[in-house]
Amino acid sequence: MNSGDTIPWTEAFPDRHPGHVLAGARYRENMTQKALSALIGCRPSHISEMEHGRRPIGKEMAKRLAAALGTSYKVFL
């Protein structure tokens, strides 16, 4: 592989999903699942399900999460 060749992150880290990014961003902000869910208007169980990859993070939810966590919504997609 040349130094200019790249591979998608999904191939490099096959066990990772957007929920890991969500958990990391929430941790960075020192926020509980309950606090984040209250801030964005969803159930705490939905945050848990997204973080564990059992619930997809759609574009609209990604935008709500991004606004609450001070990041780009694209990191959750």
Side-chain angles (χ1 to χ4, degrees):
M1 180 182 299
N2 293 331
S3 61
D5 292 342
T6 62
I7 61 171
W9 72 266
T10 52
E11 287 183 32
F13 303 100
D15 295 335
R16 295 289 180 194
H17 53 78
H20 289 115
V21 177
L22 172 56
R26 186 176 58 76
Y27 179 79
R28 182 192 68 211
E29 297 300 317
N30 196 31
M31 193 176 296
T32 64
Q33 290 178 348
K34 185 175 180 179
L36 178 57
S37 68
L39 193 59
I40 67 169
C42 76
R43 297 169 59 182
S45 62
H46 291 181
I47 301 295
S48 176
E49 290 167 358
M50 286 184 277
E51 288 184 359
H52 289 93
R54 293 188 301 262
R55 175 181 287 269
I57 302 174
K59 188 174 182 180
E60 292 307 313
M61 179 57 76
K63 288 180 177 182
R64 290 164 52 192
L65 291 166
L69 297 169
T71 192
S72 168
Y73 77 93
K74 293 178 182 180
V75 301
F76 301 118
L77 300 176

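Both backbone and side-chain heavy atoms feed into the values below; hydrogens, waters and symmetry mates do not.
Separating the CG atom in L39 from the CZ atom in R26 is a distance of 12.5 Å, to the nearest 0.5 Å. Separation of atoms CD1 (I47) and CG (L65) is listed at 5.5 Å; rounding is to 0.5 Å.
Residue pairs meeting the ring-ring contact (aromatic ring centres under 6.0 Å, His included) criterion with at least one member in residues 19-47, sequence neighbours excluded: H17-H20. For residues 66-77, no residue pair satisfies the salt bridge (Lys or Arg N to Asp or Glu O under 4.0 Å) rule, not counting sequence neighbours. Within the structure, side-chain hydrogen bond (donor to acceptor under 3.5 Å, both in side chains) contacts touching residues 31-43 (residues at least two apart or in different chains) are Q33-E51.
A search for salt bridge (charged side-chain N to carboxylate O under 4.0 Å, His left out) contacts involving E49 returns R55, not counting sequence neighbours. For the salt bridge (charged side-chain N to carboxylate O under 4.0 Å, His left out) test, no residue two or more places apart in sequence or in another chain qualifies with R64. Among residues two or more places apart in sequence or in another chain, the side chain to side chain contact (heavy atoms under 4.5 Å, CB included) test is passed with A62 by I57, Y73, F76, L77.
Counting heavy atoms from C-beta outward, P56 and M50 have side chains that stay 4.5 Å or more apart. Within the 4.5 Å cutoff, the side chain of L69 has heavy atoms near those of the L22 side chain.
Residues R54 and S48 approach most closely at NH2-OG, 4.0 Å, considering heavy atoms.
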